Protein chains: 2
Amino acid sequence: MEKAADTTGASPADTAESRQYLGLRDGIAARIAAGDLKPGDKLPSERQLQGEFALARGTIREALFLLEAEGAIFRRDRSGWYVSPPPVVYDPTRWEGFMSYVEAQGRVPSTHTISTATIPADPLLSDIFARPLGAPLHHIRRLRSVDGRAVLVEKLVVDAAITPGLIEFDLNTSLTAILKRNFGITVARNQISMQPCALTGDEAVDLRQKSGLPGLALQRVSYDGHGRVVEYDHEYWRHDAVQINVDLRVR
Amino acid sequence: MEKAADTTGASPADTAESRQYLGLRDGIAARIAAGDLKPGDKLPSERQLQGEFALARGTIREALFLLEAEGAIFRRDRSGWYVSPPPVVYDPTRWEGFMSYVEAQGRVPSTHTISTATIPADPLLSDIFARPLGAPLHHIRRLRSVDGRAVLVEKLVVDAAITPGLIEFDLNTSLTAILKRNFGITVARNQISMQPCALTGDEAVDLRQKSGLPGLALQRVSYDGHGRVVEYDHEYWRHDAVQINVDLRVR
DNA sequence: TTGGCAAACTGGTCTGAACCAGATGCTCGA
DNA sequence: TCGAGCATCTGGTTCAGACCAGTTTGCCAA
């Protein structure tokens with residue numbers, strides 16, 4: 001019940017942690033660093049850790065949440081906690097799709113199309129695409145995975161006028177490739193906005209995350225060589241699954 | 001003790017939340033959206049909310065954490081919870097310093113220099129700056145605020161050979177301006193890497209955050225027109241304080 | 001061998017209680 | 001008037017126990 005004043009070491013502020021969950025976090029982090037726990041490995045269950053460290057389950061979970069926030073571990077709902085694989089490096093300046101750059105990093109990408117539809121442009125999209133209100137736009141919602149783990153959901157919108165029949169294609173492959181091969185479309189410019197966010201609602205469900213876990217929201221507007229808007233994309237990434245790399249000239 | 005099945009509305013799955021903390025989150029979010037609570041306003045204390053909603057304090061905190069992860073509120077340690085101001089928009093392609101782009105958004109920026117030093121290059125920095133091991137480099141650590149709230153800490157390194165006496169200047173102003181005015185240095189290219197992270201250790205302390213809260217880590221290498229490395233920068237942002245915007249040509 | 005079901009397991013949610021330590025505000029004495 | 005100091009308030013940490021709802025597993029029947 002009491003705090004069991006931590007008198008472990010000579011330097012109370014250095015190694016001996018004032019807060020128990022920090023100590024536990026360091027312990028688990030050390031196991032991962034030492035290679036006792038490798039990416040994909042399952043951690044002992046919360047109740048097992050409870051017995052092992054003689055801490056309340058809440059305290060155990062506090063440490064796990066911290067490791068999760070640091071990207072060191074992730075959870076699969078009601079299954080357990082697992083050691084995170086390294087993140088994918090993402091360079092938004094490169095116009096290669098997800099499939100190719102994930103593969104280039106020696107990982108196995110996969111895509112699952114959640115839904116497709118052709119919908120009339122609402123005011124916002126009409127504005128973005130510079131097309132009249134009600135102009136047909138393809139809406140595609142996809143879930144993308146790396147090594148079998150869902151890492152991002154995307155909602156993308158494409159101008160139906162320049163990509164007739166797009167949603168009849170197999171969208172579980174590279175959209176980049178489809179646009180280029182079948183419609184002769186390539187992207188010359190991207191406008192990107194991103195912000196750290198909490199994954200909630202649909203996104204959390206699709207990523208099999210508990211609602212409220214941190215993520216990265218990324219919006220992209222892609223233009224072709226004529227300055228025409230080709231694609232409008234909303235991506236929601238697991239925060240621990242991605243690292244952004246950009247190389248750019250300054251204006 | 002029981003879950004007190006929320007019978008507030010007509011549609012149990014729509015508005016009425018299955019989890020109490022989600023309901024409370026929505027309630028507070030609604031107050032903010034409605035303008036009852038404005039940016040900077042203090043929320044009722046956890047114990048007050050406890051009385052008001054008849055929930056355990058842990059449940060109250062669960063809802064607050066969620067709002068915090070969403071960037072809607074933030075905490076000041078042992079002072080209270082406050083409504084977040086809107087984020088600053090940050091465009092890494094633009095070579096104007098923090099001071100100018102924050103001001104351009106109608107906010108009040110400020111900078112506090114935590115420490116400065118001139119230190120011989122270690123292997124990593126020697127490599128980055130393409131300078132011999134041990135070459136003198138200026139290390140600067142600064143805390144930057146918007147409207148009085150600390151939003152980022154940065155650790156930056158500048159080649160001392162091309163900026164002699166840099167750390168004698170008043171570094172609480174724009175470094176961009178100092179480099180340009182006093183050393184004739186401008187940046188032509190940036191290489192940026194960023195990833196969502198947890199703020200821990202020094203960063204958390206400086207930002208007066210609890211260790212483990214989500215943030216955004218950003219590293220930047222800046223080059224001048226001759227391809228010479230001018231500056232190496234590590235920034236740690238509060239996750240709710242920044243939105244990244246980039247406009248770029250595709251390779 | 002295989003399919004389905006049930007028990008066991010795991011994380012998710014919630015309660016309620018206690019004590020700690022920094023922030024804040026108020027009071028009282030100099 | 002003003003500063004020191006204390007009381008109070010606030011979030012931070014930890015404990016212990018309970019029940020819920022998906023996941024997993026292993027057994028048994030077809």
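In what follows, every heavy atom counts, from backbone to side chain, and hydrogens, waters and symmetry copies are set aside. If you're wondering where the values come from, they're calculated on a predicted model, not measured in any experiment. Just so we're on the same page: letters track the sequence lines, and every chain starts at 1.
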Do the side chain of A:R19 and the base of D:dG12 come within less than 3.5 angstrom through a donor-acceptor pair of N or O atoms?
no
On the 0 to 90° scale, with breaks at 30° and 60°, tag the B:W237-B:F98 ring pair as parallel, tilted or perpendicular.
tilted
Would you indicate, yes or no, if D:dT14 has its OP1 or OP2 atom less than 4.0 angstrom from a side-chain nitrogen or oxygen of A:Y21?
no
Side chain of B:R61 only, heavy atoms from C-beta on: which candidate in C:dG11, D:dT13, C:dT13 is closest?
D:dT13
In terms of side-chain heavy atoms of A:Q20, which of C:dG16, D:dC15, C:dG12 is nearest?
D:dC15
Can you see if the side chain of B:S45 gets near the phosphate of D:dT10 - specifically, an N or O under 4.0 Å from OP1 or OP2?
yes
From C:dG11, D:dT14, C:dT15, pick the nucleotide closest to the side chain of A:W81?
C:dG11
Looking at B:T59, does any N or O in its side chain come under 4.0 Å of the phosphate oxygens OP1/OP2 on C:dT13?
no
State which residue, out of B:I60, B:L64, B:D36, fulfils the side-chain contact (heavy atoms from CB on, under 4.5 Å) condition with B:I28.
B:L64
Pull out every protein N or O sitting under 3.5 Å from an N or O of nucleotides 22-25 of chain D, one pair per line with the distance.
from	atom 1	to	atom 2	distance (Å)
D:dT23	O4'	A:R78	O	3.3
D:dT24	OP1	A:R76	NH2	2.7
D:dT24	OP1	A:S79	OG	3.4

Applying a 4.0 Å non-hydrogen cut-off, can you work out what A:G80 is touching in the nucleic acid: base, sugar-phosphate, or nothing?
sugar-phosphate
Rounded to whole angstrom units, what separation is found between the CZ atom of B:R75 and the P atom of C:dG22?
16 Å
Do A:V242 and A:I244 come close enough that some side-chain heavy atom pair is under 4.5 Å?
yes
So, is A:R57 near the phosphate of D:dA16, with a side-chain N or O under 4.0 Å from OP1 or OP2?
no
